[in-house]
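Contents: one structure, followed by commentary.
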Protein chains: 2
Amino acid sequence: MNHSSFSIDSILARKAPAKRKISHEESPKLIRVFLQSSSLWRRFHSLGTEMIVTKSGRRMFPTLSVIISGLDPVKNYVVMVDLECIELKRFRYSFHQSKWISTGPGESELPSRMFVHSDSPARGAHWMRAPVSFDKMKLTNNQLDNNGHIIVNSMHKYRPRVHIIEQGGEAQTRHSFSFEETEFIAVTAYQNHRITSLKIESNPFAKGFRECEVQGMEMGNLGVGTGSFQSVFPLIFPYFAANLANVEK
Amino acid sequence: MNHSSFSIDSILARKAPAKRKISHEESPKLIRVFLQSSSLWRRFHSLGTEMIVTKSGRRMFPTLSVIISGLDPVKNYVVMVDLECIELKRFRYSFHQSKWISTGPGESELPSRMFVHSDSPARGAHWMRAPVSFDKMKLTNNQLDNNGHIIVNSMHKYRPRVHIIEQGGEAQTRHSFSFEETEFIAVTAYQNHRITSLKIESNPFAKGFRECEVQGMEMGNLGVGTGSFQSVFPLIFPYFAANLANVEK
DNA sequence: GTGTTCACACCTAGGTGCAAAACT
DNA sequence: AGTTTTGCACCTAGGTGTGAACAC
């Protein structure tokens, strides 16, 4: 709904499912979920993604946003996200070795709060019409949070999980998907300076911290450049097939 | 949903329906709709409300927002608004007489576009839990508008109408409500200077045009003052009974 | 003359990382 | 010493009426 401007992502959203349909015509509908901005996610992942958490709640960047296909257009679904604590350890960043090392057993993994997408419940046709963005989701380290934000432990590793719940008659069916490149370590302050730089270069809200406002593309120190925020998305194409989550649990 | 801060309106939203329930316990459920900020609406109405319309779409101020009661908590409803052209005339503002005068037969009344509230469809419990605001609704004078905004003719008189559609089995039931104090004349530029002043004094987004930033309440030239935006709402109480729309069509 | 459009300054509302301070 | 909190400058995003320019 919020995608009124043209972007490569929104074009993919409309075109990609149509193309796939051809090769799966007779088989029973298979729900598929694609990660948006996956090339940006992969860029962060290769450095070791960090997400800031605060008491009042902080958005994730990159934003988790997915393209869904294979739903029944007239059936109702609830779409939501939780965070899976994927290693029961506490981490620490070693500036000396420039990498994260695990330190001890960490906090016990409580079931994460669910972030229910505000369009829920809605029909399959609605969820498939445009990318489904979880940009309103916020992370907090306040165990007593009262604002419905997702509670995490700092210095622990998480992976977002998208759940699609089918409201079929009596029984509910749950389909879950996740993407390896979206895992991150929750922090209260950035540890890896290269993560900080990539956030500053790629998040429009951090524009005030960009060093260089050169018109062209000089000094695109991390390849993201100062130009259009969408300039990184063409890279999605070659990887597109790999974006399909097949972690149905 | 958007009402995270405390306001007199949101307190009313929770308390008022509960109180009414007592006196209507045995009678069949009657859907009731109350206008929020009705004292502000009435203040504009007494001067002759004008609403700016633009090509790209303009919000209404005051915002149309209602408190709903009497729905079946578990049934699904769609809630929407349209604009009823309430006099088939074209108007002109006479600066000499400081009032609106009708001039000729005006444009033919085409059925207005509907603004469907984005929470639709949702259960009765959802619609009754908090005030339902139509702040995202925009008015345009572009007959070829492609953004889903409500199309109106400038210099014509309109009254917003709230429709609650009950999704009961096969047949749909429609309940419609409107409030006399919300009628307005669509304009491309304000005609009555007193309307302009009241907009400036009461709309937070027009704060830049306020003359006086005195701390106290001196110079509250139209009684709205420079203080909290909610300071006008206590006046709702004495008029509360009169806010009930009973125009079920 | 009357009505409309447009660029603009000035707001609201809220998302960034920063750096100093505070906590443990 | 490592981690967390807080106020802040600096952004994005978009809602105001203004006043000059424009259209009919």
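Below, read A as the first sequence line, B as the second, and so on, with proteins coming before strands; counting in each chain starts at 1.
- Across the protein-nucleic acid pair, A:Glu50 atom CD and D:dT4 atom P stand 12 Å apart, rounded to whole Å.
- Straight-line distance from the CE atom of A:Met155 to the C1' atom of D:dT4: 9 Å, rounded to whole Å.
- Nearest-nucleotide positions on DNA chain C place B:Ala189 closer to the 5' end than the other of A:Lys138 and B:Ala189.
- A:Thr54 comes within 4.0 angstrom of nothing in the nucleic acid, heavy atoms only.
- Every residue was checked against the salt bridge (charged side-chain N to carboxylate O under 4.0 Å, His left out) condition with A:Arg58, not counting sequence neighbours, and none meets it.
- Sorted by first and then second residue, the pairs that involve residues 82-102 of chain A and meet ring pair (Phe, Tyr, Trp, His ring centres under 6.0 Å), not counting sequence neighbours, are A:Tyr93-A:Phe95, A:Tyr93-A:Trp100.
- A:His117 is linked by a ring-ring contact (aromatic ring centres under 6.0 Å, His included) to A:Trp127, A:Phe134, counting only residues two or more places apart in sequence or in another chain.
- Not counting sequence neighbours, A:Arg59 has no partner by the salt bridge (charged side-chain N to carboxylate O under 4.0 Å, His left out) test.
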Summary of protein contacts for nucleotides 16-24 of chain D, nucleotide by nucleotide, where a base hit scores B, a sugar-phosphate-only hit scores S (4.0 Å, heavy atoms): BBS------

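- Taking a heavy-atom distance under 4.0 Å as the criterion, the stretch of DNA chain C touched by chain B extends 5' to 3' from C:dG3 to C:dT12.
- Here A:Ile101 pairs with A:Arg92, A:Ser94, A:Gln97, A:Lys99 under the side-chain contact (heavy atoms from CB on, under 4.5 Å) rule; sequence neighbours left out.
- With sequence neighbours excluded, no residue satisfies salt bridge (charged side-chain N to carboxylate O under 4.0 Å, His left out) with A:Lys199.
- For the ring-ring contact (aromatic ring centres under 6.0 Å, His included) test, no residue two or more places apart in sequence or in another chain qualifies with B:Trp41.
- In this structure, CG of A:Asp145 is placed 13 Å from P of D:dT5, rounded to the nearest angstrom.
- Counted by atom type alone, A:Thr140 and A:Asn142 present zero donor-acceptor pairs between their side chains at under 3.5 Å.
- Taking atom OH of residue A:Tyr93 and atom P of nucleotide D:dT3, one finds them 13 Å apart after rounding to whole Å.
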